Amino acid sequence: MTTISHLNNSNNANNGIFTVGSIGTVSVDFLYDGGLNKGEIAIFSLEGMENLEVGSTEFILEASKRALSNSNSGYVVVRDESDRARFSDLKNELSWEKDFNSGVYQGPQQFQMKAGTKFAMMLVSNSTVAKIAQSSTPSTTNVLFSFGSVDKTTGKVAPQIADITGEGTTFGWEDINTLKSNDRDFNDMVVQVLGATATASSLQDSVYANRNWLNTQVGQELVQYANRPQFETGTFIVDGTGKVQFDYLYDGGSYQGEVAVFSLKGMENYQPGSLEFIREATKRALSNSTEGHILISDRKEGARFNSNTSWEPNFNAGNYQGVKSFQMNTGDEVAFMLVQNTTFNEVYSQPYVTSQSGKQVIFSTDKQQIVAVDNNGTLAFEDLSVSSGKSDKDFNDLVFQTKGLKSNNVAKIDAEINPDRDWRTTASGQELLKYTDRSRYSEGVFQVGETGKLTFDFLYDGGWYQGEFALFSLTGMENYQPGSQAFIKEATKRALSNSKLGYVLAKDSSEGAKFTEKMPWEPNFNSGNYLGVKTFEMNPGDKFAFMLIPNTSVKDINQAKGLNKDSHMWQYGKVPLFSIPEANPNVAVGQIVNVDSNGTFAFEDIPTGSSTSDRDYNDFIFQIKGATGITQSIDTFSNFERNWRTTNVGQQLLEYANRAIFDEGIFIADQTGQVKVDFLYDGGNYHQGELGIFSLRGMDMYEIGSTAFMTEAISRATGNKNLNEDIYGYIVVQDPVEGARFTDNSAILNWEPNFNNEEYKGEKIYQMQGGDTFGFVFAANGTLQDALTGQGAASNKLFFSMSAANLNDTVQVAEFLTGDKSAVIGFEDVAIDNGSNRDYNDFVISLGGIKTVGLPSIQDVAISNHNWTNTEIGTAITKYFEEMTNPSTNLF
């Protein structure tokens, strides 16, 4: 009989048994899911189990009991059904398996155990710990242990885990008994355990050579992350939306410095606190990208609340800037930092300045430097080092609220604050806490665009239930507890009003969706006639949420009594499900998911917090236009075995949903997304112009040609970067610093001199999304930004390739030549109805990897005596274009 005592006393040092560290806190981070089977991982104390036969019914039941106790005796630490691993094989590098990852990444989860005790891990494959505990004769085939599987005949122990990094903290599991398994890739569930260590055979010694995934990109990223600097406090994980919001609430510090956030990815290459670490963190903060952002510039902006306290004056100055939003990478680990009385620009250019008094950089990862004020994402930063003993520990120097970040290692303010300087007891503090405790929704909130018009398109009905779908305004809903009877009654009342407060958008029992073909795994549930795109009016800027009534009507729910999110009636489809997680049974996230970035969303009609949800996300698919919302991606949650997007009807639906939203003056990138731009001719009198491209996805929420439309277009064109996997735009020509390929040196165009100067830069390639629709925006005589704000020369006007976006619908762009995936187009940099010479040669460029839509021909819009296309210049450009588009050259 093999017992834990035998395993401990054997010569096998790699026994997979963990010892809790001196602090007693154990952290578990789910890093990779390479197993087809869905299961759970638990930890359980081995105290008192030393003489039980491992693998016996008695042993399994006791281990399960301890794991379910949620105490020092044990915990369930990973639930594969709902938890997502941090890393996924997005590039299909592991040829022997699919990407099995789904759910929501929870970040490192902390559990309290007794310091110095020993525990083991248990993997329950294709079941749950609760089901195992409820069985009097649990199956031993799907219960596996970190100390290995024991052959009862020979006593041989076959390892179930392998050490990934050699540090005794990161382990890969096999989810089938290794005495029987022929897979042995040890990636079915990879976890990192901190606060405890164990020994196990290395992955290199355990894995089959043809399945060693460590050398893949995802393997290298996982190891890099596992070996990152381990901070005990002050780190945060970006949630599945990738969108972070920041609200500056109180300034109680005399220093006038700055606060920033930065990604910790790759920071393991630097010693924490070193000048190199500070400079790299500062560089990331200054990038204002997914790697980091400047959040507060204290010299120039004020906090939302301000007052003096009995121990210090009012330090607040400047205007409050409101809630700021920015994009970071989903699942990234980040930290905050502040610089006391200088700027991050100075710190980056002169790192040694941080040795001066009042110019130190302080990190949230410094012990006791940042505290959690409440459970609503409110944080307080001390601007003097707490460990130095010089801080007054009033924790009001910088108080702010975040959304989109979560953390398990930030101390509570009650444990750290100086009781004689507790700002929460002041009138201003009470007001601040009331503000932060307002009804806050983590996701699923939508905002109406500036037109106030919404369009709704019911695309697919894959749900057996016959219910209704509605939206309701969130104005004033903070007065109700999400998911309560009062909340549900008010939400349904608003939906039934058929007003700007809410609408019933679709009635499944009497109307059908646009697409009706069945899915391979279920019959066709669609019935009734498709009613087309519907239009609704709401107040511009209003926020709203969706609700799905699975198997009854909005009216019946409104009249029902006793219904709330905790009611078991959801099992019969009689409880509404919301886009807001907080209003759902089990606070279910991912009830609604984002299918694309063009307003297409999908709803599950069973709570995603229930194991009965199949997560195929085809129960109710719709498209909303005229509003934007924050929801997580379908890739985060979907059941990979029921991916409707790969079916014929799914492909048709996506093609329809992502059709062009403008019908003239636009361009469609091919499936590579690579747009090639070549500046061919400069015939414009102005010398300071800029030309940009910008994605049109989501631009329909703005009134075309409005200030908001132009502002967003410029923001995208000047971004020159990828935001949340949507590549929004680039500046493609800058007249002051680059010249065109062809020059009129012989005065061929007799109506104008040669305006070309500067060096020709050659063809440039810009990465957009495959199939993306984009437009051009150009500034006549200055930068795009200056044209938007009206600064610079009076002649610096803003124009678009879409005539509908121009004043008086003027056509400022025309087409000269077209190929299969290419074109030559010309721009006019003076308004056609206000003094233009209409030669359309002010910027002439060639494009590759695109299709044009709705552009007029230059021959049709240019003045006849200014038609350069028939001159030697036009002939030279034509010959060049034909050479470039010749398939044998393979350049376009």
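Predicted model, so just to flag it, every value in this text is computed and none were measured.
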Are there over 12 heavy-atom neighbours, none belonging to [X], within less than 6.0 Å of that residue's [atom1]?
| X | atom1 | result |
| --- | --- | --- |
| K300 | NZ | no |
| K393 | NZ | yes |
| K283 | NZ | no |
| E232 | CD | no |

Kindly say whether [Y] contributes a backbone atom to a donor-acceptor pair with the side chain of [X] at under 3.5 angstrom?
| X | Y | answer |
| --- | --- | --- |
| S715 | T711 | no |
| D397 | D383 | yes |
| N418 | D394 | no |
| Q245 | K403 | no |
| D29 | V193 | no |
| E258 | N341 | no |
| T378 | D374 | no |
| S263 | E291 | no |
| N796 | G782 | yes |
| N227 | V223 | yes |

Can you tell me how far apart [atom1] ([X]) and [atom2] ([Y]) are? Round to the nearest 0.5 Å.
| X | Y | atom1 | atom2 | value |
| --- | --- | --- | --- | --- |
| T436 | L249 | OG1 | CG | 7.0 Å |
| M328 | D239 | CE | CG | 12.0 Å |
| I580 | Y441 | CD1 | OH | 5.0 Å |
| M267 | F262 | CE | CZ | 5.0 Å |
| S297 | Y248 | OG | OH | 10.0 Å |
| L338 | I362 | CG | CD1 | 5.0 Å |

Which atom pair, heavy atoms only, marks the closest approach of [X] to [Y]?
| X | Y | result |
| --- | --- | --- |
| S579 | A545 | OG-CB, 3.5 Å |
| A779 | A787 | CB-CB, 3.9 Å |
| P351 | L275 | O-CD2, 3.6 Å |
| T165 | A226 | CG2-CB, 4.0 Å |
| K324 | L295 | NZ-O, 2.7 Å |

Please test F578 against F487 for ring-ring contact (aromatic ring centres under 6.0 Å, His included), starting from the C-alpha separation and ending with a verdict.
CA-CA 11 Å; F578 294 90; F487 181 94; 5.4 Å; yes
pair [X]-[Y]: side-chain heavy atoms closer than 4.5 Å:
| X | Y | value |
| --- | --- | --- |
| V589 | F637 | yes |
| V261 | F326 | yes |
| N375 | K412 | yes |
| E712 | Y702 | yes |
| L384 | Y255 | yes |
| K243 | T631 | no |
| I693 | M768 | yes |
| V334 | L264 | no |

So does [X] pair up with [Y], basic N to acidic O under 4.0 Å?
| X | Y | value |
| --- | --- | --- |
| E416 | K367 | no |
| E346 | K359 | yes |
| R424 | D414 | yes |

Without hydrogens or angle criteria, can the side chains of [X] and [Y] be said to hold a donor-acceptor pair below 3.5 Å?
| X | Y | value |
| --- | --- | --- |
| Q220 | Q224 | no |
| E690 | Q734 | yes |
| T475 | D542 | yes |
| Q271 | E276 | no |

V238/V244 under side chain to side chain contact (heavy atoms under 4.5 Å, CB included): CA gap, chis, key distance, verdict
CA-CA 7 Å; V238 181; V244 179; 4.3 Å; yes
Does [X] have its ring centroid less than 6.0 Å away from the ring centroid of [Y]?
| X | Y | value |
| --- | --- | --- |
| F363 | F231 | no |
| F400 | F336 | yes |
| F446 | F544 | yes |
| F305 | Y435 | yes |

Walk me through it: do T354 and Q360 pass the test side chain to side chain donor-acceptor pair (under 3.5 Å)?
CA-CA 5 Å; T354 57; Q360 294 179 344; over 6 Å; no
Side chain to side chain contact (heavy atoms under 4.5 Å, CB included) between I237 and L405, worked out
CA-CA 5 Å; I237 300 294; L405 298 177; over 6 Å; no
Check whether Y728 forms a cation-pi arrangement with R716 (NZ or CZ under 6.0 Å from the six-membered ring centre, at most 45° off the ring normal).
yes
When you measure from the centre of the six-membered ring of Y225, is the NZ or CZ of R86 under 6.0 Å away and within 45° of the axis?
yes
Side chain to side chain donor-acceptor pair (under 3.5 Å) for S27 and N408? Distances and angles first, verdict last.
CA-CA 9 Å; S27 168; N408 293 318; over 6 Å; no
Tell me, with the steps shown, if V371 and L379 meet side chain to side chain contact (heavy atoms under 4.5 Å, CB included).
CA-CA 6 Å; V371 295; L379 302 167; over 6 Å; no
Apply side chain to side chain donor-acceptor pair (under 3.5 Å) to the pair N345 and T343, showing each step before the final yes or no.
CA-CA 5 Å; N345 265 319; T343 65; 5.2 Å; no
Could you please spell out the steps behind the ring-ring contact (aromatic ring centres under 6.0 Å, His included) verdict for Y75 and F111?
CA-CA 8 Å; Y75 304 86; F111 308 92; 5.0 Å; yes
Stepwise side chain to side chain contact (heavy atoms under 4.5 Å, CB included) check, V399 with W423:
CA-CA 11 Å; V399 182; W423 56 268; 4.2 Å; yes
